[in-house]
K.L.:
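Submitted below is the structure of interest, expressed as structure tokens.
Computed from a predicted model, the values in this text were never measured in an experiment. Below, chain A is the first sequence line, B the second, and so on; all start at residue 1.
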Amino acid sequence: MNKPHETPERPVNFIRNIINEDLASQKHQTIYTRFPPEPNGYLHIGHAKSICLNFGLAQDYQGRCNLRFDDTNPAKEDLEYVESIQRDVQWLGFQWEGQPRYSSDYFEHFYQSALELIDKGLAYVCFLNADETREYRGNLKEPGKASPYRDTAPQENRALFEKMRAGAFKEGECVLKAKIDMASSFMCLRDPALYRIRFETHHQTGDAWCIYPMYDFAHCISDAIEGITHSLCTLEFQDNRRLYDWVLDNLAAFNRPDRPHQYEFSRLNLEYTVMSKRKLHQLVNERLVEGWDDPRMPTISGMRRRGYTPAALRDFAERIGISKVDSMTEMGILEAAIRDDLNRVAPRTMGVIDPIKLVIENYPNPEPEVIFAPVHPQNEAMGKREIFFGRELYIDRADFLEVAPDNKYQRLAIGKEARLRNAYIIKAERCETDDQGRITVYGSYDAATLGKNPADGRKVKGVIHFVEASRAQAAEFRLYDRLFCVPNPSKEADFAQVLNPNSLQVKHGFVEPALAQAPVEQAYQFEREGYFCRDSRTTDGLVFNRTVTLKDTWQQSV
RNA sequence: AGGGAUGUGGCCAAGUGGUAAGGCAUCUGGUUUUGAUCCAGUGUACCGCAGGUUCGAAUCCUGCCAUCCCUGCCA
């Protein structure tokens with residue numbers, strides 16, 4: 001038994017090493033992290049990695065973690081996203097400290113900080129337009145040159161910046177820039193913009209502001225205001241760290257030894273999918289998928305609808321670890337995580353996805369009989385369920401062949417015996433195909449084999465699943481596969497060209513009667529087929545989404 | 001000679017001078033009324049390459065190579 005505050009062993013990583021050192025040296029007494037999404041899209045599994053990291057660290061070290069919306073660009077952001085993000089984080093099993101924070105909560109603070117830099121001669125209002133600014137910046141080989149506005153006196157800059165705030169300038173007419181180093185090898189240090197003018201209604205602050213801070217200015221100050229100790233972000237922000245440090249070092253309130261520090265880890269890349277928000281937006285906007293929660297999407301909401309569980313996603317995050325290496329993670333790791341969880345918790349049931357009829361000609365009763373089958377063969381505590389067996393059954397087309405191809409074939413064939421899962425051993429005698437191509441198999445059953453092996457000692461290795469026809473519930477099965485047909489679609493000139501045309505197959509078949517009451521999102525294992533859950537968007541009829549197939553070592557060797 | 005990073009088995013990933021953890025995948029057996037699960041076993045890893053320091057190097061030094069990121073008034 002775990003003691004109340006004992007946490008499970010977690011894999012070590014470089015961030016934990018840093019935290020351990022910071023705690024040991026008393027730099028910090030406790031840790032404080034944050035998850036800082038911009039509300040401009042739905043969260044995806046890459047965000048889940050970051051969420052598990054930030055919230056997981058806070059849990060393990062008994063620190064705190066904020067949810068903070070990085071909402072400094074009203075043109076791109078929307079309330080729809082701030083709501084979906086909160087829903088997704090909580091569904092993943094995490095709770096932020098206090099209320100959700102917003103960068104926009106600190107707009108006045110940012111403004112005062114900008115004034116402080118201006119007064120110190122470290123920021124100026126620049127009237128170069130965007131094109132000119134680009135020219136003045138130089139390039140990777142050549143240093144930039146000073147803006148003609150670079151040496152404006154602080155008092156004048158202060159007045160100008162106040163006018164910016166008051167709306168005296170047009171959008172794009174001027175920006176506030178930091179005065180750093182036009183020759184720096186870090187491009188982000190060549191007098192970066194701190195504030196731009198946008199006459200845009202903000203989803204939190206309305207029309208209170210017409211100037212909005214840039215990410216690099218807002219993020220570090222937000223971290224410092226909240227007392228964040230370890231500010232974790234992805235690799236592409238490594239250069240920006242110099243600006244993060246420059247801002248905090250030059251602000252009196254934040255230039256202290258326990259101020260936040262930024263550390264970068266590599267973002268998640270998953271095979272056969274895309275993770276960039278731009279591409280995800282494109283998939284949704286061009287109707288290449290049903291929406292953000294399409295079960296083929298790598299979004300949290302899509303994976304949830306597909307049948308992924310929070311526990312599996314957390315386990316996945318733990319399995320892939322945290323490092324600074326650019327990597328491409330195989331789907332197999334994700335699938336192993338969801339199979340592990342679902343194998344443990346999913347009730348077993350039978351569903352026939354591509355049905356053909358099987359008639360048991362020697363079955364004597366006109367009415368089907370009831371059989372009690374285990375809900376989970378490895379967990380008796382989950383109890384028993386009622387299934388039916390009778391004269392007419394459905395089995396899967398893939399489980400029957402007129403002629404067995406070889407002696408390794410374990411399914412049903414004419415003249416061959418197989419076990420019907422949870423029921424009797426049967427033998428196929430003959431089959432008929434009608435003019436519509438519908439197959440009916442006729443056979444017999446061995447009445448002495450319910451719950452036991454044949455008394456004569458003959459071995460029947462094959463087991464196939466079935467549903468009794470008169471009680472069967474019609475159901476739709478949505479069989480999902482990878483969204484793309486190449487491992488790294490982002491490398492393609494046009495990723496839409498490599499969409500997998502078979503990423504969704506719809507089948508109509510039958511399930512056990514008890515599943516008529518299946519709750520939405522409840523995971524089931526359709527034995528021998530895979531894990532499914534009832535679709536949460538469908539209100540009429542039974543629709544099951546396939547989360548993942550069972551591991552199949554047989555098909556691979558054929 | 002722009003700068004910032006990274007290179008450990010097929011894929012992730014520990015390791016921070018003492019002689020290469022773990023997970024996923026693979027393959028092989030065993031159990032099994034899910035060809036699942038479970039159990040046991042399975043890898044000669046030139047630790048990017050080449051030199052050097054050291055009794056000893058994946059770990060330290062030098063040089064080289066490869067890949068990723070940086071020239072938004074995006075984040």
K.L.:
Test of understanding: with ring pair (Phe, Tyr, Trp, His ring centres under 6.0 Å), list the residues that count as partners of F217(A), not counting sequence neighbours.
P.N.:
Y195(A)

K.L.:
When you measure from the side-chain N and O atoms of R198(A) to the phosphate of C74(B), is any distance below 4.0 Å, counting only OP1 and OP2?
P.N.:
yes

K.L.:
Which residues pass the ring pair (Phe, Tyr, Trp, His ring centres under 6.0 Å) test with H230(A), sequence neighbours left out?
P.N.:
H28(A), Y263(A)

K.L.:
Given the P atoms of U34(B) and U42(B), what is the spacing between them in whole Å?
P.N.:
27 Å

K.L.:
How does RNA chain B read in dot-bracket, base by base from 5' to 3', with Watson-Crick or G-U pairs under 3.5 Å and | used when the partner is on another strand?
P.N.:
.(((((((.[[[..)..(...]]]..((((.......))))......[[[[[..)....]]]]])))))).....

K.L.:
How many whole angstroms separate atom CG of D181(A) from atom C1' of U71(B)?
P.N.:
15 Å

K.L.:
Which residues, if any, of residues 184-196 of chain A bring a heavy atom under 4.0 Å of RNA chain B?
P.N.:
S185(A), F186(A), M187(A), A193(A), R196(A)

K.L.:
Between A20(B) and C65(B), how far is it from one C1' atom to the other, in whole Å?
P.N.:
24 Å

K.L.:
Can you check side-chain hydrogen bond (donor to acceptor under 3.5 Å, both in side chains) on Y124(A) and D191(A), steps first, answer last?
P.N.:
CA-CA 9 Å; Y124(A) 62 98; D191(A) 288 14; 2.6 Å; yes

K.L.:
I want to check one thing: is the phosphate of G23(B), taken as OP1 and OP2, less than 4.0 Å away from some side-chain N or O of R10(A)?
P.N.:
no

K.L.:
Between A423(A) and N139(A), who's closer to the 5' end of RNA chain B by nearest nucleotide?
P.N.:
A423(A)

K.L.:
Taking distance alone, no hydrogens or angles, what donor-acceptor pairs closer than 3.5 Å link side-chain atoms of residues 328-338 of chain A to residues at least two apart or in another chain?
P.N.:
none

K.L.:
Between U37(B) and A25(B), how many Å separate the two P atoms, rounded to a whole number?
P.N.:
8 Å

K.L.:
Let me know the distance between OH of Y136(A) and C1' of C73(B), rounded to the nearest Å.
P.N.:
16 Å

K.L.:
Please state whether the phosphate of U37(B), meaning OP1 or OP2, lies under 4.0 angstrom from any side-chain nitrogen or oxygen of R339(A).
P.N.:
no

K.L.:
When you check the phosphate oxygens OP1 and OP2 of G72(B), does a side-chain N or O of R134(A) lie under 4.0 Å from one of them?
P.N.:
yes

K.L.:
I need the minimum non-hydrogen distance between T205(A) and S104(A), along with the two atoms involved.
P.N.:
CG2-CB, 3.8 Å

K.L.:
Expressed as a whole number of Å, how far does the C1' atom of U44(B) sit from that of A40(B)?
P.N.:
23 Å

K.L.:
Identify, with sequence neighbours excluded, every residue that meets side chain to side chain donor-acceptor pair (under 3.5 Å) alongside T133(A).
P.N.:
K177(A)

K.L.:
Show the nearest heavy-atom pair for residues T449(A) and I425(A), with the distance to one decimal.
P.N.:
OG1-N, 2.9 Å

K.L.:
Rounding to a whole Å, what distance do you find between N240(A):CG and G72(B):P?
P.N.:
13 Å

K.L.:
Quick one: is T553(A) getting a side-chain N or O under 4.0 Å of the A36(B) phosphate, OP1 or OP2?
P.N.:
yes

K.L.:
Round to the nearest Å and state the distance from Y524(A) atom OH to U37(B) atom C1'.
P.N.:
20 Å

K.L.:
For atom P, what is the distance between G3(B) and G63(B), given to the nearest Å?
P.N.:
13 Å

K.L.:
Who passes ring pair (Phe, Tyr, Trp, His ring centres under 6.0 Å) against F69(A), sequence neighbours left out?
P.N.:
Y102(A)

K.L.:
Can you tell me how far P in A66(B) sits from the matching atom in U71(B), rounded to whole Å?
P.N.:
23 Å

K.L.:
Do the side-chain N or O atoms of K551(A) get closer than 4.0 angstrom to the phosphate oxygens (OP1, OP2) of U37(B)?
P.N.:
yes

K.L.:
Report the residues that fulfil side-chain contact (heavy atoms from CB on, under 4.5 Å) with A475(A), sequence neighbours left out, ordered by chain and then residue number.
P.N.:
F477(A), V511(A), L542(A), F544(A)

K.L.:
Any N or O donor-acceptor pair linking the side chain of Q525(A) to the base of U34(B) at under 3.5 Å?
P.N.:
yes

K.L.:
Between C64(B) and G2(B), how many Å separate the two P atoms, rounded to a whole number?
P.N.:
12 Å

K.L.:
Rounded to whole Å, how long is the line connecting atom CG of D552(A) with atom P of U26(B)?
P.N.:
11 Å

K.L.:
What are the atom names and distances for every N/O pair under 3.5 Å that joins the protein to nucleotides 10-13 of chain B?
P.N.:
unit_1, atom_1, unit_2, atom_2, d
G10(B), N2, E330(A), OE1, 3.2
C11(B), O4', E330(A), OE2, 2.9
C11(B), O3', M328(A), O, 3.0
C11(B), O2', M328(A), O, 3.1
C11(B), O2', E330(A), N, 3.4
C12(B), OP1, M328(A), N, 2.8
C12(B), OP1, M328(A), O, 3.3
C12(B), O5', M328(A), O, 3.4
C12(B), O2', I320(A), O, 2.7
A13(B), OP1, S323(A), OG, 2.4

K.L.:
Please check if the side chain of E527(A) supplies one atom and the backbone of M350(A) the other of a donor-acceptor pair under 3.5 Å.
P.N.:
no

K.L.:
Report yes if at least one side-chain N or O of R137(A) is closer than 4.0 Å to OP1 or OP2 of G72(B); otherwise report no.
P.N.:
yes

K.L.:
Please state how far atom CG in L140(A) lies from atom C1' in C70(B), giving the value in whole angstrom units.
P.N.:
7 Å

K.L.:
Please determine whether any donor N or O and acceptor N or O are separated by less than 3.5 Å between the side chain of R242(A) and the base of G4(B).
P.N.:
no

K.L.:
Near RNA chain B, under 4.0 Å by heavy atom, which residues of residues 342-354 of chain A?
P.N.:
N343(A), R348(A)

K.L.:
Taking ring pair (Phe, Tyr, Trp, His ring centres under 6.0 Å) as the definition, give me every residue that meets it alongside F495(A), ordered by chain and number, with sequence neighbours left out.
P.N.:
F484(A)

K.L.:
Below 3.5 Å, does any donor atom in the side chain of D239(A) face an acceptor in the base of G3(B), or the other way round?
P.N.:
yes

K.L.:
Taking the basic N atoms (NZ, or NE/NH1/NH2) and the acidic carboxylate oxygens, is any pair closer than 4.0 Å for D223(A) and R68(A)?
P.N.:
yes

K.L.:
Mind telling me whether Y424(A) and F389(A) have parallel, tilted or perpendicular rings, with 30° and 60° as the class edges?
P.N.:
tilted

K.L.:
Give me the distance, rounded to whole Å, that separates U8(B) from U53(B) when you measure between the P atoms they each carry.
P.N.:
27 Å

K.L.:
Using 30° and 60° as the class limits, which term best fits the ring planes of F237(A) and Y215(A): parallel, tilted or perpendicular?
P.N.:
tilted

K.L.:
Taking the inter-plane angle between the rings of Y81(A) and H281(A) on a 0 to 90° scale, is it parallel (under 30°), tilted (30 to 60°) or perpendicular (over 60°)?
P.N.:
perpendicular

K.L.:
Tell me every residue that passes side-chain contact (heavy atoms from CB on, under 4.5 Å) with V345(A), counting only those two or more places apart in sequence or in another chain.
P.N.:
D341(A), L342(A)

